[in-house]
Each structure stands twice: as structure tokens, then as C-alpha cells.
> 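First, the structure itself, so that you have it in front of you.
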Amino acid sequence: MSKQEKVRLTFPDGSVREYPKGTTPQQILEEMSPQFRKKVLAAKLNDSILELNRPIEEDGEFRFLTWEDKEGKYVFWHSSAHLMAQAIKRIFPQAKLGIGPPIEDGFYYDIELDRPITPEDFEKIEKEMARIVEEDYPIIRKVLPREKALEFFKQIHEDLKIELINDLPEDEVITAYSQGEFTDLCRGPHLVSTGKIGKNFKLLSVAGAYWRGDEKNKMLQRVYATSYPKKKMLEEHLHRIEEAKKRDHRKLGKQLDLFSIQESIGNGLILWHPKGARVRRIMEEFWINEHYKHGYELVYTPHVAKLQLWETSGHTGFYRENMFPPMVMDDVEYQLKPMNCPFHITIYKSHLRSYRDLPMRFAEFGTVYRYERSGVLHGLMRVRGFTQDDAHIFCTPDQLTDEIVKVLDLVIYILQTFGFNEYDVYLSTRPEKYVGTLENWDAATNALQNALEVKGLEYEIDPGEGVFYGPKIDIKIRDVLGRSWQCSTVQVDFNLPERFDMEYIGEDGKPHRPIMVHRALFGSLERFFGILIEHYAGAFPLWLAPVQVTLLPIADRHHNYAHRIYQELRNANVRVELDTRNEKVGFKIREAEVNKIPYMVIIGDKEVENQTLSVRHKGEGDLGSMTLDEFRDRLLHEIKLKK
RNA sequence: GCCCACGUAGCUCAGUCGGUAGAGCACAUCCUUGGUAAGGAUGAGGUCACCGGUUCAAAUCCGGUCGUGGGCUCCA
């Protein structure tokens, strides 16, 4: 009798156990508690994920994957994608399958079909999916030799799959997964049967998507859907989608009369209405004060400049597709500015600079215009005209890391003040199209990396995502709903100083080349405002609220007293409104609540007689009566705290 | 830009089979002076996004243009 071969598995608790070679995770799972068994979706051996019925052939670190693991979720969604594809194929046998991966909150499948799939079809597809779940087919993995695979998918007319197989590397093990009559080319892994997916799924939307993400290819129909192991989880997810819709800045922008985008003006161009403009002013004033404190000087520059300037900067070569077309005046071409940097450089160059002048920090709310393809425009988030809170720091190589660290400090301080405490930091490296030498790119990337190390910030590298003139640190904030938004950016640039032949005179009396740092904290005022609206669901904290207080006199005879309060609060710089309309107080309160005004002050006989105010806070309700002084102090204190 | 869907009063939306336009809110006027989330009456408000076509007749059907929305990054 030959001794049976064994595999040694190390479990997460550190224990090491031996099993006969070929044991499946399912068999190991039998040892676990029934509650745990129910939760397990797949297993992980070293770096590969296995379905539960896959024999284990080698030693290694072993653990089970549940919904708590990202990989577990992905197996679940991946199997869900197959389930949906199978249902779609049953209903539309002529459909051809593209790819069907799991994504952040669910999964999709790209389908080629001779008719559009509409939301009306969703119910039918979902019904068919439920049927397949009930039929509970085992999901069977098959390894196919390349020829066999090609033959099989040719036979079932899955042309797109054939394209995929042909593009797989020579040595790749080709696998397919079958469930009932349905077989899909797939790397896996999957749940063990369609029944394990359960019925908590929902088709969400359908959209066009280029085959393999290339706009030269044909367009497929991408069906988005999601699924969860528990009904409650699906409901919560759908609820989150509803919440996000309620917070949509486009909707709130209209409701609260903050901004608009109008056909007569042009798409991607924003009108800031008075209330939106108030919030913007506050953002700007706060920003300006902080920048003065941190050694920046404000500058203003024009919206257009000669095209030649953009040729010098390299924009016409590397950025042209994002620029508005030039205009001709007096036989000279002028360009609407897509960036502010050449202007700040030109200001720098207006004098001979000494090393003693450095670092110089020029800041500006610079409004730039960029041509964005019509299909990518989105409310305030992606527009064609926007104002950057831009600044350029000119410094010596010695000063560089320190300057970047200072910028990072300022970024974090400003973002926190606006209520954002979570961020993801990315270091983006040299893209395919770039200007400058490799040495400079390396030096710039190192400087950014150093600063991140000094700050002890965790970050990810985003290869090839830098700007054409230099690498950058991007800081993406996470809002209340956990969504991530790109705002702040810090970019090191050795190239523009060279192109513009910038100099400073060093200690040695000789000319040297300064280094330039581009940076923005809000990124764009438009986008940041949009994010703020969604973050606060339109209910801005007191210091940002466009209207902080509304005075609600009960009857005409209270107007005089109300006017006096109004003037006093205005004098104290409080953004206050007086509602003298002929309406009942309940009506006025309702309107103030709907408009998300933080404080309401009710003024009636009692208040006039006692020279007090009856104060109500949005959300908190009636705060009782207080004197004007008490109320004003409360407001000013709360405004100062900016919370 | 591309695919799909959508575009009706300031806003949110209804409008059946093609027969010539409706509601609520907002607005105006009047009544009401009311104490913590909607008092009442009356009135005004539309080239049904725009251009063209089919038809006796188009908000409705067809084509085009403009705009908006979902996506086109996740690669078996």
C-alpha cells in the first residue's frame, strides 16, 4: 500500500493541519460550526481563490472566504453575473456574451444583442434568474485545451469569447464553468451551485459600453445588477441608492436655488445663483485668509492669452484635445486658458529673482475652460468652465520636500474644516505622453514620495496617471456615504521652468533653475461645492449656510421689533432674512425647514413684550427663549467653531 | 464623441387609440393677523426643447438638431 500523499495547510489562527491530497475545502468545512458553514462562499489557498469543491493539491496558507472578504463578495457577484447571463441567454438565445465581472457594488455583463435590452425586460430576466436558482444546478469547472475551447465556443457562436481566448497568453490554463445548459469561458472561481446565490438580486440599469473599453470597437449593452446573500442587505443597498439620489447636488441645487446650468448659456457652464454664490464667497474668504497665513500671495490673471504662450508651455502639444479652439484677433491667435500656470510663471519672470525670494507662492482663483466631451459632463462635478483654487510654488531643490509637506498640511487642515476626515492618497507617475527628461521625472516623483513618507501618509501608486508635465499626489476625499471624490492635487514640475527658461540667482551669484509645484486644494470650486452639497445633503453647517437665520414674525404688529433684530444681526455679520409675508407661523417654519435654514426665530407678543427671541433650530426643534445678546453670542461662537 | 432612455407651466409631474393642454406647488390679487412643518378664495401663466416630414388633423407617429440622464475605468 502506497502511503497517501498529504497537504499541509496553515489556518488563519496559526494552526497547521494535514489532509489527504485532493481534499476539498468543502470537506474541511465539515469540521466547522454550522453557522460558519452557512456563511462560507469560497476558500483561499495562498494567493489563489478556490471554489469549495476544488481539490487541494498543494501546501500553503488556507482560509475560508465569506461575505466579509472582498474576494468572497467577488465570487458571489461573479457567480451572480453568470446567473444573469444564463437567464439572458434563455430569453434571448441570439445574445452573445462579452465579459461579466464583479464590480464595487455588484456586477455587470456585457451583451451583444440585436435589440435593446430595456428596464421592462428586467423583470423577465429576474424571474428567469430565480428559476435557475431554484433549479440549483451544480457549477462545474472544466479545464479545456485551447483547441477544444475554441471549437466549443465556435459551436455555440460565442464570437466574443473566441476573441478573448485568442488573446490569452500561450501558457494560460483555459477554464470554463457550466451550470445546466449554460457554459461560460471564465477563470472563476464560483460558488458550488446556482442555488447558493439565492434570490436577493436586482437588475439596476443598462448602458452602452465599448467592447474591451475601446471606442473603436462595437458597442455592447452592459447590464448592471447587484446581489446579496441576505434580503436585508439588498434592501439596504437599494436604500443607499435612494439616499444618494436624494442628495444629488443637481436636484438639491435646483431645490435650494444654489446654481443652474442652462441650455441658453451652454452645457458645462455654471450659473451661481445668489445662495450658491454666498457659499462660494465663504469658501473663498476662508481660503484666502488661510493662504495669507501660510505665506501665499494672491494674483489675478486674464482668461485668454496668445496661443504662443501655450506653445511655449507645451499645452498645444499635449493638451490640445482638452482646449477650446483658438480665436483670432488682429491676425493673432488667442486661447481661452485651460490652466493658470503660464501666467504665474510670467509673473515670476517679470523680475530677476534671488534665492532670497524663494520660495514664492502665487495663489489665484483661476477660472479655466476645458473642452470636455459632451457625454462626460455631469452637474457641477465635470464641467467646461470652472475655477481652480490654484497656486504655484517656485522654490529651490533644497526647499522642495519641505514645501510639499507644507502643502499636504494645508490640504488636510482645509479638508477637515469642511467636514472631510477620510481620504485616499494616490501617487500618480509618468504617463505615456510627457514632456521633460526621465531624470527630472524621477527627481519629481522622489520628492513627492519623500513628502508622503515624512507625513507618514498611506498611499497607493497610480502608474501612468500623472500630468504631462509632472507626477502628482492626488487626495480623494470620502463623503458621508463613503463615496470617493478627487479634489486636491499636488504636482511637481521641473519641465515648465525649463520651457519658460525660469531663473533665480543663487548664493554663488550664478543663475539656477527653480522648481515649480502646482497645487489645488478644493480642486475646482464647482466640484467641491457639488461634493459639499451632497456631503451635507444641502443642510450646510452654520458657518457655510447661505442663510443662517430667518426671522418669523407672527403678525404685522411684530414687524417693527423684527426689523430691529434683523438689523442687529446684520451688523454682527450674520446672514439673516426676515419673512414678513402674510402667512401663518407654521407655514413659515415649514418653508424654513425645507430650505434647510439652521436657525428660525419666532417673534410674537411675548417676545416683543419681554424683549426676547424664541429660537428654533432646524432638526433640534424649539430651543426656548433667549435675549438677542445670548442668541448672537451663540451664533458667533458656533460660526467660529466652523462645525 | 458613442449606446440607450428622456425633454409638457418657474418646479414636480399627468395627458388613453393622433382630434388641438391638465394637476399640485410656486407666483399675483383679495379675505384671514394666525405661536413652532402646508388657512381660504380668485387669477395669471404653455409655439408641448427646436427644425422638418407623414396626416383632414401631431404633445402623441417618423427623421434630424440641441439639451438632460445612465454608462463607455474594473477585461474570461
> What string of B, S and - do you get for nucleotides 42-51 of chain B 5' to 3' if you count protein non-hydrogen atoms under 4.0 Å?
----------
> Please tabulate, one pair per line, each protein N/O and nucleotide N/O from nucleotides 23-31 of chain B that are separated by under 3.5 Å, including the distance.
none

> So which atom in A:Val368 and which in A:Pro338 form the shortest heavy-atom distance, rounded to 0.1 Å?
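The answer is CB-O, 3.4 Å.
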> Take nucleotides 69-76 of chain B nucleotide by nucleotide from the 5' end and write B, S or -, depending on whether a protein heavy atom sits under 4.0 Å from the base, only from the sugar-phosphate, or from neither.
SBBBSBBB
> Compare all side-chain heavy atoms of A:Lys588 with those of A:Ile602 and state whether any distance is below 4.5 angstrom.
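Sidechains of A:Ile602 and A:Lys588: no contact.
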> Please state whether the rings of A:Tyr109 and A:His82 are parallel, tilted or perpendicular, taking 30° and 60° as the class boundaries.
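It falls in the tilted class, 30° to 60°.
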> Centres of the A:Tyr108 and A:Tyr224 rings: under 6.0 Å?
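Under 6.0 Å, so yes.
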> For A:Glu112 and B:C4, give me the distance from atom CD to atom C1', rounded to whole Å.
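Checked: the CD to C1' distance equals 16 Å.
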> Salt bridge between A:Lys245 and A:Glu242, side-chain N to carboxylate O under 4.0 Å?
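Salt bridge present between A:Lys245 and A:Glu242.
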> Could you tell me how far apart A:Lys588 (NZ) and B:G39 (P) are, to the nearest whole angstrom?
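It works out to 12 Å between those atoms.
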> Is it true that A:Thr612 and A:Ser625 share a donor-acceptor pair across their side chains at a distance under 3.5 Å?
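Judged by distance alone, the side chains do not pair up.
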> Do the rings of A:Phe324 and A:Tyr369 sit parallel, tilted or perpendicular, given the 30° and 60° boundaries?
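Geometry flag for A:Tyr369 against A:Phe324: perpendicular rings.
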> For A:Tyr319 and A:Phe468, take the angle between the two ring planes, folded into 0 to 90°, and tell me which bin it lands in: parallel under 30, tilted 30 to 60, perpendicular over 60.
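A:Tyr319 and A:Phe468: tilted rings.
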> First locate atom CG of A:Leu569, then atom CG of A:Leu578, and finally report the distance between them rounded to the nearest 0.5 Å.
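Rounded to the nearest 0.5 Å, the CG-CG separation comes out at 10.5 Å.
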> Would you mind reading off the distance between A:Ile603 atom CD1 and B:G35 atom P, rounded to a whole angstrom?
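The answer, rounded to whole Å, is 15 Å.
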> Quote, to the nearest angstrom, the C1' distance that separates B:C25 from B:A37.
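Straight-line distance between the two C1' atoms is 15 Å.
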> Is a side-chain donor-acceptor pair under 3.5 Å present for A:Asp110 with A:Tyr210?
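Not at all, the side chains of A:Tyr210 and A:Asp110 share no donor-acceptor pair under 3.5 Å.
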> Give the stems involving RNA chain B, where a stem is 3 or more consecutive Watson-Crick or G-U wobble pairs (i with j, i+1 with j-1, and so on) under 3.5 Å.
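In RNA chain B, stems of three or more pairs: B:1-7 with B:66-72, B:10-13 with B:22-25, B:27-31 with B:39-43, B:49-53 with B:61-65.
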> I need the CD1-C1' distance between A:Ile265 and B:C66, as an integer number of Å.
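These atoms are roughly 15 Å apart.
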> Between A:Arg115 and A:Gln221, is any side-chain donor less than 3.5 angstrom from a side-chain acceptor?
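The criterion, which ignores hydrogens and geometry beyond distance, is not satisfied for A:Gln221 and A:Arg115.
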> Quote, to the nearest angstrom, the C1' distance that separates B:A14 from B:C31.
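32 Å, rounded to whole Å.
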> B:U33 and B:G69: how far apart are their C1' atoms, nearest whole angstrom?
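These two C1' atoms come out 46 Å apart once rounded.
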> Given the C1' atoms of B:A59 and B:C48, what is the spacing between them in whole Å?
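Each nucleotide's C1' atom is 4 Å from the other's.
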> Out of B:G34, B:G35, B:A37, which nucleotide sits closest to the side chain of A:Arg557?
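In terms of side-chain proximity for A:Arg557, the closest of B:G34, B:G35, B:A37 is B:G34.
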> Report which part of the nucleic acid A:Glu607 touches: base, sugar-phosphate, or nothing (heavy-atom distance under 4.0 Å, all strands).
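Base contact.
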> Could you work out the separation of B:G15 and B:G7 based on their C1' atoms and round it to a whole Å?
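It comes out at 15 Å once rounded to the nearest Å.
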> Do A:Asn267 and A:Leu269 come close enough that some side-chain heavy atom pair is under 4.5 Å?
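Heavy-atom side-chain distance check fails, nothing below 4.5 Å.
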> Tell me whether the side-chain N/O atoms of A:Lys254 come closer than 4.0 Å to OP1 or OP2 in B:U12.
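Yes, A:Lys254 has a side-chain N/O under 4.0 Å of OP1/OP2 on B:U12.
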> Check every strand shown and say whether A:Asp622 touches a base, only sugar-phosphate, or nothing at a heavy-atom separation below 4.0 Å.
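Counting heavy atoms under 4.0 Å across all strands, the contact made by A:Asp622 includes a base.
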> With P as the reference atom in both, quote the distance from B:G10 to B:C27 in angstrom, rounded to an integer.
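15 Å, rounded to whole Å.
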> Can you list the residues that meet the salt bridge (charged side-chain N to carboxylate O under 4.0 Å, His left out) rule with A:Glu422, with sequence neighbours excluded?
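Applying salt bridge (charged side-chain N to carboxylate O under 4.0 Å, His left out) to A:Glu422 gives none.
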> Taking the P atom of each, how far is B:A9 from B:A49, in whole Å?
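Pairwise P distance, B:A9 against B:A49, rounds to 8 Å.
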> Expressed as a whole number of angstroms, how long is the span from A:Asp114:CG to B:C3:C1'?
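Nearest whole value for this atom pair: 15 Å.
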> For A:Tyr599, give me all partners under ring-ring contact (aromatic ring centres under 6.0 Å, His included), at least two apart in sequence or on another chain.
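In terms of ring-ring contact (aromatic ring centres under 6.0 Å, His included), with neighbours along the sequence ignored, A:Tyr599 is linked to A:His617, A:Phe631.
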> Atom CG of A:Asn267 to atom C1' of B:U65: distance rounded to whole Å?
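It works out to 14 Å between those atoms.
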> Validate the cation-pi geometry between A:Lys476 and A:Tyr426: distance from NZ or CZ to the six-membered ring centre under 6.0 Å, angle to the ring axis within 45°.
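A:Lys476 over A:Tyr426 ring: yes.
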> Starting at atom CD1 of A:Ile554, determine the distance to atom C1' of B:U33, rounded to an integer number of angstrom.
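In whole Å, B:U33 C1' and A:Ile554 CD1 are 10 Å from each other.
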> To the nearest Å, how far apart are A:Lys245 NZ and B:U12 P?
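From A:Lys245 NZ to B:U12 P: 15 Å.
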> Could you work out the separation of B:U55 and B:C62 based on their P atoms and round it to a whole Å?
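Pairwise P distance, B:U55 against B:C62, rounds to 16 Å.
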> Where the side chain of A:Asp605 is defined as all heavy atoms beyond and including C-beta, which of B:C4, B:G35, B:U36 is the nearest nucleotide?
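Among the listed nucleotides, the one closest to the side chain of A:Asp605 is B:G35.
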> Just to be sure I understand the rule, does A:Gly586 reach a base, reach only the sugar-phosphate, or reach nothing, if contact means heavy atoms closer than 4.0 Å?
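Sugar-phosphate only.
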> With a 4.0 Å cut-off on heavy atoms, is A:Lys606 in touch with a base, just the backbone sugar-phosphate, or nothing at all?
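Answer is base: heavy atoms of A:Lys606 come under 4.0 Å of a base.
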> Both A:Val585 and A:Ile261 contact RNA chain B. Which one's nearest nucleotide lies toward the 5' end?
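Its nucleotide being nearer the 5' end, the pick is A:Val585.
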> Could you tell me which non-hydrogen atom of A:Asp184 sits nearest to which non-hydrogen atom of A:Phe153, and how far apart they are?
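Scanning both residues, the minimum pair turns out to be C-CZ, 3.9 Å.
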